[in-house]
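The structure appears below as structure tokens.
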Amino acid sequence: MKRLRLAHLPTPLVRPARLAERLGIELWVKRDDATGGAEGGNKVRKLELLLAAALEAHADTVVTCGGIQSNHARATALCAAALGLRCVLYLRVPGLAADDDGAGIPWSAEVAPLAGNVLLDRLAGAELRLITPASYRERDAVMARGAAALRAAGARPYVIPEGGSNGLGALGYVEAMGEAARQLAAGEAGGRPFDLVVHAASSGGTAAGVALGAAKHRVAGELRAFAVSEDAATTTARVVALLDEARACDATLGLPVRWSIDERARGPAYAVSTPEQREHIAAAARLGGLVLDPVYTGKAFSGLWDLCERGELRGERVLFVHTGGLPGLLAEAATFTDVC
Ligand SMILES: *Cc1c(COP(=O)(O)O)cnc(C)c1O
């Protein structure tokens, strides 16, 4: 399997002692927010494989998609720039009236303010095509048409699905579990497997990779992923499909660990947090120096907090995967006045 070296690895395995004490569990955090600088987060591990495949296919342009504040789109924009690849991003804008039948309208500050991930996308020189939520539901077709138009204009596009989540991208998280296993073998984090891994799930590639990798490398007995966009049934179906896709890419993979998708931390809507979730985000920063975001990691952490409050995890060894997302927090600064 061809893989580029894009991430800063291994990422630290840390024990936020005061936070662990507050939660009553043996909490460890895999700092995958630190897979890079501004490009950091869980998507870089997937992009190591996906962009290797793009280069192998002699692509000169990468095409991908996401919400307007997509961390995946921003990581792709920055990594593509570093590799000298052109980058085209189809980004969903809530409330956008029309988008030229899914071809997208060009970026403007009135429609998509230069904040958080959008600022970084534009700094990296990515071409933004803003599309409606209705077009976004047909994102694979939208990107296929975009790629065909690019090809007709002489470019060599490579399309990466939402979140970098296909079988190949998921292998980035199989390898992340291999990395954690090597840290345990070296005596880090108490030197023995975790009871449970917890993280946020949206497009499902991280969960599929963690479930397969935790089994292959004996890192943990179970995965609990908190759905942050679609409901549990939809997210579960995505992960099920990706488990098969990942196994088709790597025949050495066996069965995943026991896994489940928990939808109780979704909050009011994608990217909208509750006051209680913001309290938990503030607690992580104040008791652990950990900066979580209101779209992904903050919701997963809040879900973990609630499991602990209900006494479901007393004393267990839990690995929380911090998947990044800082620019998304900074873009939502105005919603944090209640806890700051
Ligand atoms: C994309 C993302 C996730 C979810 O990962 P998936 O593989 O899409 O399920 C979690 N946290 C952050 C910060 C992300 O950007």
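Predicted, not measured: the structure shown is a model, and the values here were computed from it. Just follow the structure's listing: the first ligand is 1, and inside any ligand the first atom is 1.
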Can you sort out which atoms of ligand 1 are near A201, meaning under 4.0 Å from one of its heavy atoms? 9 (O)

Quick one: do L313 and L304 satisfy side chain to side chain contact (heavy atoms under 4.5 Å, CB included)? Show the steps, please. CA-CA 9 Å; L313 300 178; L304 173 61; 3.5 Å; yes

Pairs of nitrogen or oxygen atoms closer than 3.5 Å, one from K43 and one from ligand 1: do any exist? yes

Side-chain contact, heavy-atom cut-off 4.5 Å: L292 with F320? yes

Main chain of P193, side chain of R317: is a donor-acceptor contact present, judged purely on distance under 3.5 Å? yes

Note: ligand 1 atoms sitting under 4.0 Å from heavy atoms of K46 are 6 (P), 7 (O), 8 (O)

Cationic N near anionic O, under 4.0 Å, E179 to R45: yes

Identity and separation of the nearest protein heavy atom to atom 9 (O) of ligand 1: S202 N, 2.7 Å

Please write down residue, atom name and distance for the protein heavy atom closest to atom 5 (O) of ligand 1. N42 ND2, 3.1 Å

Is there any N or O on T206 that sits under 3.5 Å from an N or O of ligand 1? yes

Which of the atoms in ligand 1, numbered in the order shown and given with their element, are less than 4.0 Å from a heavy-atom of G325? 13 (C)

Using heavy atoms and a 4.0 Å limit, tell me yes or no: is E162 in contact with ligand 1? no

Check for me whether H199 has a heavy atom closer than 4.0 Å to any atom of ligand 1. no

Taking side chain to side chain contact (heavy atoms under 4.5 Å, CB included) as the criterion, tell me which of V118, N117, V63, L128 meets it with L89. L128

Judging by distance only, is a nitrogen or oxygen of T323 under 3.5 angstrom from one on ligand 1? yes

Ignoring hydrogens and geometry, is there a side-chain-to-backbone donor-acceptor pair from S302 to G298 under 3.5 Å? no

Between the side chain of W28 and the main-chain N/O of L13, is any donor-acceptor distance below 3.5 Å? no

Could you work out, with salt bridge (Lys or Arg N to Asp or Glu O under 4.0 Å) as the rule, every residue matching R182, not counting sequence neighbours? E175

W259/L243 under side chain to side chain contact (heavy atoms under 4.5 Å, CB included): CA gap, chis, key distance, verdict: CA-CA 11 Å; W259 62 276; L243 289 170; 3.7 Å; yes

Could you tell me the residue and atom name of the protein heavy atom closest to atom 8 (O) of ligand 1, and the distance to it rounded to 0.1 Å? S203 OG, 2.5 Å

Out of all atoms in ligand 1, which are within 4.0 Å of some heavy atom of N71? Include the element for each. 13 (C), 14 (C), 15 (O)

So, K299 and S273: side-chain donor and acceptor under 3.5 Å apart, yes or no? no

Please confirm whether G204 approaches ligand 1 to less than 4.0 Å, judged on its heavy atoms. yes

With heavy-atom distances below 4.0 Å as the criterion, list the atoms of ligand 1 near S165. 7 (O)

Ligand-residue contact atoms, ligand 1 with G205, heavy atoms, under 4.0 Å: 7 (O)

